[in-house]
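Note that these values count all heavy atoms, side chains included, but never hydrogens, waters or copies made by symmetry. These figures come from a predicted structure and were not determined experimentally.
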Amino acid sequence: MNEFTHKIATLDDIPAIEQLMTLSIKQLLGPLLTKDQLEASFDSMGLDDQLIKDKTYFMIFSKDIFVGCGGWSNRETLFGGNHTPNRDKKFLNPETDSARIRAMYTHPNWIRKGVGSLVITLGEKAARELGFKKCELMATLSGKLLYEAKGYKSTENNLFETDSGKTVPMIRMEKII
């Protein structure tokens with residue numbers, strides 16, 4: 001098992017995070033989708049810098065190698081990047097709402113080594129510390145098996161549709177923490 005370290009991402013880390021996101025989407029999700037679905041993925045996914053501003057976004061390292069990232073949120077937005085049209089900065093109520101697990105990406109050379117599991121563990125722990133009892137997320141086809149292995153249950157199948165009419169399948173999932 002690899003020993004990983006993590007840090008809270010800063011705005012200065014955005015170029016490295018965006019590079020990893022693009023690589024992860026193309027190489028891990030791309031083979032599972034059609035060309036149009038992959039294009040739609042770039043509209044539905046990406047960096048939401050509110051996570052960085054809120055200090056809820058983690059960068060994962062093996063020694064000094066950046067191997068993955070992801071985070072959690074106590075805001076309404078469930079998924080997507082700054083460019084995705086579903087932004088809502090409203091804070092969630094831990095008594096009635098689910099915290100969000102957000103924007104998880106792993107370098108293709110580091111899949112199935114515990115990177116994603118660590119991000120989930122860190123996010124769930126932080127959410128519990130704020131009083132949340134549940135977490136939810138919007139899974140891609142490449143992430144669904146990991147989330148199921150970590151105890152998340154599918155609650156809804158979705159098709160994200162871009163302005164150009166292209167769609168990509170996504171799965172809403174939740175877990176009691």
Exam field: side chain [X] to backbone [Y], donor-acceptor pair closer than 3.5 Å:
X	Y	result
Ser24	Thr106	yes
His83	Met45	yes
Ser41	Gln37	yes
Arg172	Glu136	no
Asp54	Thr56	no
Asp88	Lys90	yes
Arg75	Lys89	yes
Arg112	Trp110	no
Lys7	Phe58	no

Lys134 with Asp97: basic N within carboxylate O range, under 4.0 Å
no
Do NZ/NE/NH1/NH2 and the carboxylate oxygens of Glu76 and Arg87 come within less than 4.0 Å?
no
Smallest separation among heavy atoms of [X] and [Y], with atom names:
X	Y	answer
Leu51	Ser73	CD2-CB, 3.6 Å
Leu11	Pro15	O-CD, 4.4 Å
Phe160	Pro85	CZ-CD, 4.4 Å
Ala139	Met173	CB-SD, 3.7 Å
Ile177	Ala127	CD1-CB, 4.0 Å

More than 12 foreign heavy atoms under 6.0 Å from [atom1] of [X]: is that the case here?
X	atom1	result
Gln19	CD	no
Ile176	CD1	no
Asn82	CG	yes

Criterion side-chain contact (heavy atoms from CB on, under 4.5 Å) on Glu3 and Lys63, from CA distance to verdict:
CA-CA 8 Å; Glu3 290 199 23; Lys63 297 187 170 102; over 6 Å; no
Considering only heavy atoms from C-beta outward, does the side chain of [X] approach that of [Y] to under 4.5 Å?
X	Y	value
Cys69	Leu20	yes
Tyr57	Asp13	no
Arg100	Trp72	no
Arg128	Lys133	no
Met59	Phe66	yes
Met138	Ile171	no
Ile52	Ile17	yes
Leu33	Leu141	yes

Thr77 and Arg102: CA distance, side-chain angles, deciding distance, side-chain contact (heavy atoms from CB on, under 4.5 Å) verdict:
CA-CA 9 Å; Thr77 299; Arg102 300 277 319 274; 3.8 Å; yes
Nearest 0.5 Å, please: how far is [atom2] in [Y] from [atom1] in [X]?
X	Y	atom1	atom2	result
Met21	Ile14	CE	CD1	9.0 Å
Leu137	Leu146	CG	CG	9.0 Å
Ile120	Cys135	CD1	SG	9.5 Å
Leu47	Asp49	CG	CG	6.0 Å
Lys144	Leu32	NZ	CG	12.5 Å
Ile60	Ile65	CD1	CD1	14.0 Å

In sequence, state the C-alpha distance, the side-chain angles, and the governing distance for Asp43 and Lys166, and then conclude on salt bridge (Lys or Arg N to Asp or Glu O under 4.0 Å).
CA-CA 10 Å; Asp43 286 340; Lys166 295 177 182 173; over 6 Å; no
side-chain contact (heavy atoms from CB on, under 4.5 Å) for Ile25 and Tyr105? Distances and angles first, verdict last.
CA-CA 8 Å; Ile25 293 168; Tyr105 299 91; 3.7 Å; yes
Determine, using the 4.5 Å side-chain heavy-atom cutoff (strictly less than), whether Leu28 and Met104 are members of one ILVMFWY cluster.
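No; Met104 is not reachable from Leu28 via cluster members.
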Quick one: do Ile111 and Leu118 end up in the same hydrophobic cluster if we chain Ile, Leu, Val, Met, Phe, Trp and Tyr together by side-chain heavy atoms under 4.5 Å apart?
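No, no single cluster joins them.
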Go through Leu23 and His107 one step at a time and tell me if the side-chain contact (heavy atoms from CB on, under 4.5 Å) criterion holds.
CA-CA 7 Å; Leu23 185 67; His107 189 287; 3.4 Å; yes
Parallel, tilted or perpendicular: which fits the ring planes of Tyr147 and Tyr152, with parallel below 30° and perpendicular above 60°?
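Tyr147 and Tyr152: perpendicular rings.
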